[in-house]
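Just the heavy atoms: all of them, side chains too, but no hydrogens, waters or symmetry mates, feed the values below. Quick note on labels: first sequence line is chain A, next is B, and so on, each numbered from 1.
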Amino acid sequence: MTAGATDPAATPSVAAAAARAELIDEVQSIESPRSARRIARRLLHNPASLLGTVLLVGFAAIAVAAPLLAPCPDDARSGRRCRDSVYLVPKYGFSKEPRPPSAEHRFGTTTDQYDIYYGVVWGTRTAFIVGIVITSLALVIGLTVGSISAYYGGWIDEILMRIVEVFQAFPFLLAAITLATILRSLPQVQGVLPAMLALVAFGWTGYARLIRADILSVKQREYVWAARSVGASDFRIITRHVLPNAIFPVLVLASLNIGTIVLSFAALSFFGLGVPDGYADWGQMIASARQRVPSLVNDWYIVVFPGLAITLFSLSWNLIGDAFRDILDPRLAR
Amino acid sequence: MTNYIIRRLLLLPVILFGVTLLIFAMISFLSAEQRAALYVADVPKKPGALEKIIEQYGLNDPVHEQYGRWIKSMADGNLGFSKTGKQPVAQVIRDRIPATAELALWSIVPILVVGIQLGILSALRHNQWSDHVLRVASIVGTSAPTFMVGLLLLMFFAAYAGWLPTGDRLTHEMQRVVDAPGWRSPTGLLTVDGLVNGRVDVVWDALKHLVLPVATLSFVSWAVMLRITRSSMLEVLRQEYVQTARAKGLAERAVIQKHARPNAMLPVVTVGGFQLISLLNGAVVTETVFNWPGIGRSFVQAASNLDIITVLGLVLFSSTLLIVGNLAVDVLYAWLDPRVRLN
């Protein structure tokens with residue numbers, strides 16, 4: 001039923017489209033916020049998605065309570081960094097030997113003496129911020145391009161969809177690493193920005209195609225014709241009549257994608273492209289384990305604590321997403 | 001369908017053109033000095049040398065002229081010079097492809113076998129506990145970051161137990177055997193070349209080095225195969241021809257093997273194809289963790305040394321491979337499915 005699946009011109013690949021269409025079909029069967037409430041109730045009855053929800057609420061609680069869970073140390077030297085910004089992990093000395101978990105450092109320290117516990121707790125905030133900001137920006141671009149493409153059709157649609165295909169012709173992670181590397185060499189773009197912009201630049205295409213397909217199906221409805229016949233402007237028709245009716249499935253899909261985005265960001269951090277040194281970020285903490293493979297058994301805490309955080313975080317989104325697909329798939333309901 | 005394939009073939013150059021434009025746009029971010037690496041291996045330290053090169057290769061000319069010159073230079077097989085590889089980028093690709101291909105080809109086997117078998121099992125036991133366990137396991141598989149899986153495997157099997165090497169493709173002794181003159185290398189795949197040269201010890205050593213990276217890649221990819229097989233199989237099992245087969249009294253085994261499974265394999269073939277293409281594009285994370293001398297690690301090395309010309313050259317190569325590979329998989333799909341082929 002989606003244009004993406006039936007209109008070969010719009011698909012870079014039949015099979016990829018088939019796989020995507022499966023998901024799109026499912027998500028498209030939700031049309032109103034009212035059925036969303038019903039779905040929310042069912043999500044809480046499924047053990048897997050209940051677990052996902054509990055995990056997610058737990059992470060949210062940690063993010064909110066971060067100042068209580070991991071306060072900036074009073075001691076002047078180690079607390080210097082986090083008094084500037086709470087996201088700068090306190091550094092305890094200059095030794096290159098990581099320290100194992102102790103009373104003072106619950107999860108130990110990394111090779112540069114950054115406190116892992118502090119990094120994991122505040123990293124929860126980073127994960128939420130990174131995931132939500134990247135997804136929102138990608139959504140805005142995707143929605144804009146997709147709605148223009150679908151509403152005007154014709155050669156505008158043709159050109160915009162070719163542009164989407166060009167972006168999709170790049171392997172996602174490679175493209176993101178490339179752009180992040182280039183952006184980092186510019187003095188204007190620093191800190192967390194390069195990695196986030198890179199993930200946005202190559203992450204919007206899916207939303208553009210999805211909203212385009214949705215709009216194409218909404219566009220033919222009577223109320224759109226009605227609005228046009230009373231002389232409403234294009235902009236008004238798109239923003240007031242078409243988008244509100246087509247947007248819901250895309251929003252759902254995007255929010256469930258946050259776990260994947262955080263995984264990609266962690267990979268960039270692992271390559272040293274995500275955040276500056278000593279910033280509270282899960283991927284970045286693990287990165288310091290790369291040089292220590294021979295003695296990794298002794299330094300297990302560098303990998304295990306932040307790694308567990310990333311895994312559980314993306315697991316919580318994926319558990320909810322999986323149950324979501326199941327609930328919405330009429331073929332599996334029998 | 002033929003029309004569709006023809007349309008795709010016609011669009012192929014358009015998309016490739018778009019890809020080169022986008023890459024050139026990224027090149028334009030670089031300084032003239034960095035861009036010099038597109039054409040010359042090294043800028044001499046002499047005063048005035050840089051200006052001469054900028055003049056000679058028109059690095060400050062209008063953008064469209066520079067683009068034309070760049071495309072022409074690429075048509076001659078020149079992707080620029082790699083500072084980190086200390087050789088032309090095209091040569092980096094030629095040198096590194098065998099390592100990446102060997103890893104990809106060995107990894108695709110367990111991914112397909114395990115993913116498909118478990119997917120079928122999951123579908124046949126739909127909503128029973130084994131189905132639930134497999135689904136949760138596959139979700140966990142997709143949630144774990146590759147680098148963590150790789151590092152944990154290294155930690156246990158290499159650093160702690162000492163059963164397997166911590167990285168690289170061969171031990172030093174075996175590397176010397178391979179580097180020695182007289183070593184025939186028709187494929188570049190060490191496990192195959194070892195057999196060609198009759199050196200079982202090289203094959204064994206190469207296999208030991210493959211185990212952990214292959215395990216890492218399989219762990220993060222089999223879940224995708226499982227899920228596509230499962231949903232495809234569930235779909236097929238509801239078809240009327242399956243019910244007919246059951247109704248005429250066929251044994252359940254025959255129904256599954258003769259009627260359901262072959263039809264359920266169609267989407268699996270294409271998804272498997274995509275997996276192989278993305279593996280051939282270099283498993284960046286896995287190659288980095290295991291110090292595997294493939295395309296992916298060259299890419300990361302170049303990126304972390306700000307050797308952007310190399311990075312962009314490798315990305316151009318990967319995207320081209322992806323575009324052509326996707327098309328090939330689609331043609332394969334059309335050919336395999338009589339409904340599409342005969343339409």
* Asked: Could you state the interatomic distance from CG (Leu315(A)) to OG1 (Thr142(B)), rounded to the nearest 0.5 Å?
  -> 8.0 Å
* Got a second to check how far Glu165(A)'s CD is from Leu12(B)'s CG, nearest 0.5 Å? -> 10.5 Å
* Beyond-backbone contact of Thr178(A) with Ile23(B), side-chain heavy atoms, under 4.5 angstrom -> no
* Compare all side-chain heavy atoms of Leu51(A) with those of Val136(B) and state whether any distance is below 4.5 angstrom. => no
* Asked: Taking Val315(B), Ile323(B), Val311(B) one by one, which has the highest count of heavy-atom pairs under 4.5 Å against chain A?
  -> Val315(B)
* Partner chain B: residue of Pro171(A), Ser264(A), Ser316(A), Gly307(A) with the largest heavy-atom pair count (under 4.5 Å) -> Pro171(A)
* Structure fact -> Looking only at Ile308(B), Leu306(B), Leu22(B), most heavy-atom pairs under 4.5 Å shared with chain A are made by Leu22(B)
* Structure fact -> So, the part of Leu173(A) with a heavy atom under 4.5 Å from chain B: the answer is side chain
* Should we say atom CD of Glu240(B) is surrounded by more than 12 heavy atoms from elsewhere, each under 6.0 Å from it? -> no
* Smallest separation among heavy atoms of Arg162(A) and Ile15(B), with atom names -> O-CD1, 4.1 Å
* To do: Return the minimal non-hydrogen interatomic distance between Val166(A) and Val19(B), and the atom names on each side.
  => CG1-N, 3.7 Å
* Can you tell which part of Ile139(B) gets under 4.5 Å to a heavy atom of chain A, answering side chain, backbone, both or neither? => both
* Asked: Heavy-atom distance under 4.5 Å to chain A: side chain of Val300(B), backbone, both or neither?
  -> side chain
* Asked: So how far is it from Leu151(B) CG to Ile286(A) CD1, rounded to the nearest 0.5 Å?
  -> 7.5 Å
* Side chain, backbone, both or neither of Leu322(B) within contact of chain A (heavy atoms, under 4.5 Å) -> side chain
* Asked: Is any side-chain heavy atom of Phe270(A) less than 4.5 Å from a side-chain heavy atom of Val289(B)?
  -> yes
* Asked: Between Leu152(B) and Val304(A), is any pair of side-chain heavy atoms under 4.5 Å apart?
  -> yes
* Heavy-atom distances under 4.5 Å only: say whether Thr288(B) touches chain A with side chain, backbone, both or neither. => side chain
* Tell me, for Trp300(A) versus chain B, whether the close heavy atoms (under 4.5 Å) come from the side chain, the backbone, both or neither. => both
* Structure fact -> Here the gap from Ser143(B) atom OG to Leu312(A) atom CG, rounded to the nearest 0.5 Å, amounts to 9.0 Å
* Structure fact -> In this structure, CG of Leu11(B) is separated from CE of Met161(A) (nearest 0.5 Å) by 13.0 Å
* **Phe156(B), CZ atom: more than 12 neighbouring heavy atoms under 6.0 Å** => no
* **Non-hydrogen side-chain atoms of Val303(A) and Phe147(B) separated by less than 4.5 Å** => no
* Structure fact -> Rounded to the nearest 0.5 Å, the CG atom of Leu174(A) sits from the CG atom of Leu316(B) at a distance of 12.0 Å
* For the residue pair Thr311(A) and Met148(B), establish whether any side-chain heavy-atom pair is separated by less than 4.5 Å. => yes
* What part of Phe299(B) lies closer than 4.5 angstrom to a heavy atom of chain A: side chain, backbone, both or neither? -> side chain
* To do: Work out which heavy atom in Ala144(B) is nearest to a heavy atom in Leu263(A); give both atom names and the distance.
  => C-CD2, 4.4 Å
